[in-house]
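These figures come from a predicted structure and were not determined experimentally.
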Amino acid sequence: MSSEINPSAGGRRHLFGHRRARASVPGRVRWRRFALMFLPAAAVTAILLVVTANGALAVSFSISGQQGETSADSLTGTGFQQFGTADVTKGGTIIPVAESEISSAQITNLCQSLVESLPLGLGDVTLTIRGGTGGTPVSASSLIIDANQLGGSTATFNNIQEGIDAGSVSDATGMAAGTEGNFAQQATSISISNLQEVAYATSAGTLTLPGFSLSLTAGDSPCFAGGPVNSFNL
Amino acid sequence: MSDSTEGPLADGPDPAGDEPVSPAPPAMTGRARPSSPLGRAWRGFRAWRRSRPFWAGVLLIIAGAELLLIPLPIHDMGVILHIGVGGVSGILIGAVLILIGLLLWFHPAQHIFYSIVAVLLALAALIASNLGGFLLGTLLGIIGGSLGFAWMPGRPERRTPGSGWSPTALRKLTLSVTRTRRPTLSPTPKRPPTLRSAQPPRPGRAPTPPQRIR
């Protein structure tokens, strides 16, 4: 028994030493291996971006919490509903927003910008995404926009129902209704030209972005300056 | 024996070191360093960092955090309920990328599998979540995943066969030992011990014995 303990103790010490040695063996990045993984992945990324820019691949967007600006030359959509709701900040401040939900939309000359202030006093950067510039419009499905400012030069609503209960809106099929008792409106189709909006959250289930471009510019240069013109009274 | 195991271990990180280490013999630095606890902690961290794909983990955690935070409805702006399909997938992919970064640190044995999953997820994020967090998250994820995939424990492949890291270190060690000993050993048969103190400055003697050793 004791003769068994002694070798096992020695073996344990050896094992520990082995483990310690293995744990402290430094490793290296083999750059040929890096290229083996990175280059195909980068190629796939490039292909996906090209396919997206051709409008053949739909991507999914969801931005929330940042105030972003969206502008478009025209937006035509089917299945529209809009109701008032509130986004509550951590501090308890209530931001009234109009939540617009559109089942599917065609957007020309879409511009979306997010202005982000960098830490360490590095100033602002503006991230801009453009799409639908070259004739083919951007098409979006399940578009949700929490806007606190929304405007356009002309807006056409077909079969509009105003002043209905937010809990019972149903024109944007398959999308969430609002809180019961709130004011809402809905329309089977809409058309807005020179759309300008300021939103706290934007989400699109699928978004094809033909002719898409993504740019990062220094400074505060959003899609449109100031508040939107001709804002609707929400 | 204990010296020979300790020597290469202390010597190991030095050639790859990004902080300059004095070219003193490894045994000397090993004994001189532990005087300051901060230096010892830093050396410990450095050894820990080098024994796993550390920077791959860092990049993947940053990428995951970026992908996760864009759709996450908790900012200083507050809680926004509608996050949508892209939001859910962005949060999921971001969380898994952070998890993979941590796994690369604490379970580096499976680093190849984790890294492949990370690269695939970073590519999926391009479609599923805000164009991969406006490309940044996808790029960081691909670079981090590739680094994790390319990281291998141990030294790089031996350029000259038979000259692994420990044998060269051992040979250096023995060379330094013989260099210091030879001048004292060789003159002994010729000179009386009183004259030995005058020996080391002679230039002709010292270089020859190491050449004979090689």
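There is no contact between B:L120 and chain A, counting heavy-atom distances below 4.5 Å. Interface remark: A:L207 contributes no atoms to any contact with chain B (heavy atom separation under 4.5 Å). Within the 4.5 angstrom heavy-atom criterion, only side-chain atoms of B:I112, from C-beta onward, approach chain A. Within the 4.5 angstrom heavy-atom criterion, no atom of B:L139 approaches chain A. In this structure, chain B has a heavy atom under 4.5 Å from the side chain of A:L114, while its backbone stays farther away. In this structure, the portion of A:A58 lying under 4.5 Å from any heavy atom of chain B is its backbone and not its side chain.
In this structure, A:Q81 contributes its side chain and A:A184 its backbone to no donor-acceptor pair below 3.5 Å. Side chain of B:S115 to backbone of B:H111: a donor-acceptor contact under 3.5 angstrom is found. The main-chain N or O of A:L127 is never found under 3.5 Å from a side-chain atom of A:S113 such that the two would form a donor-acceptor pair.
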Ignoring hydrogens and angles, write down the donor-acceptor pairs under 3.5 Å from the side chains of residues 61-68 of chain B, residues two or more places apart or on other chains.
residue	atom	partner	partner atom	Å
B:E66	OE1	B:G137	N	3.1

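Residues of residues 93-108 of chain B never come closer than 4.5 Å to chain A when only heavy atoms are counted.
For residues 29-59 of chain A, the set of pairs meeting the ring pair (Phe, Tyr, Trp, His ring centres under 6.0 Å) definition, not counting sequence neighbours, comprises A:W31-A:F34, A:F34-A:F38. Residue pairs meeting the ring pair (Phe, Tyr, Trp, His ring centres under 6.0 Å) criterion with at least one partner in residues 99-124 of chain A, sequence neighbours excluded, are absent.
Enclosure of atom CZ in B:F113 is not indicated, since only 12 or fewer non-hydrogen atoms of other residues, nucleotides or ligands lie within 6.0 angstrom.
Between atom CD1 of residue A:I63 and atom CG of residue B:N130 there is a gap of 5.0 Å, rounded to the nearest 0.5 Å.
Among A:L216, A:L214, A:T45, the residue with the largest count of heavy-atom pairs under 4.5 Å with chain B is A:T45.
With hydrogens and angles left out, the side-chain atoms of A:T78 and A:S104 include a donor and acceptor closer than 3.5 Å.
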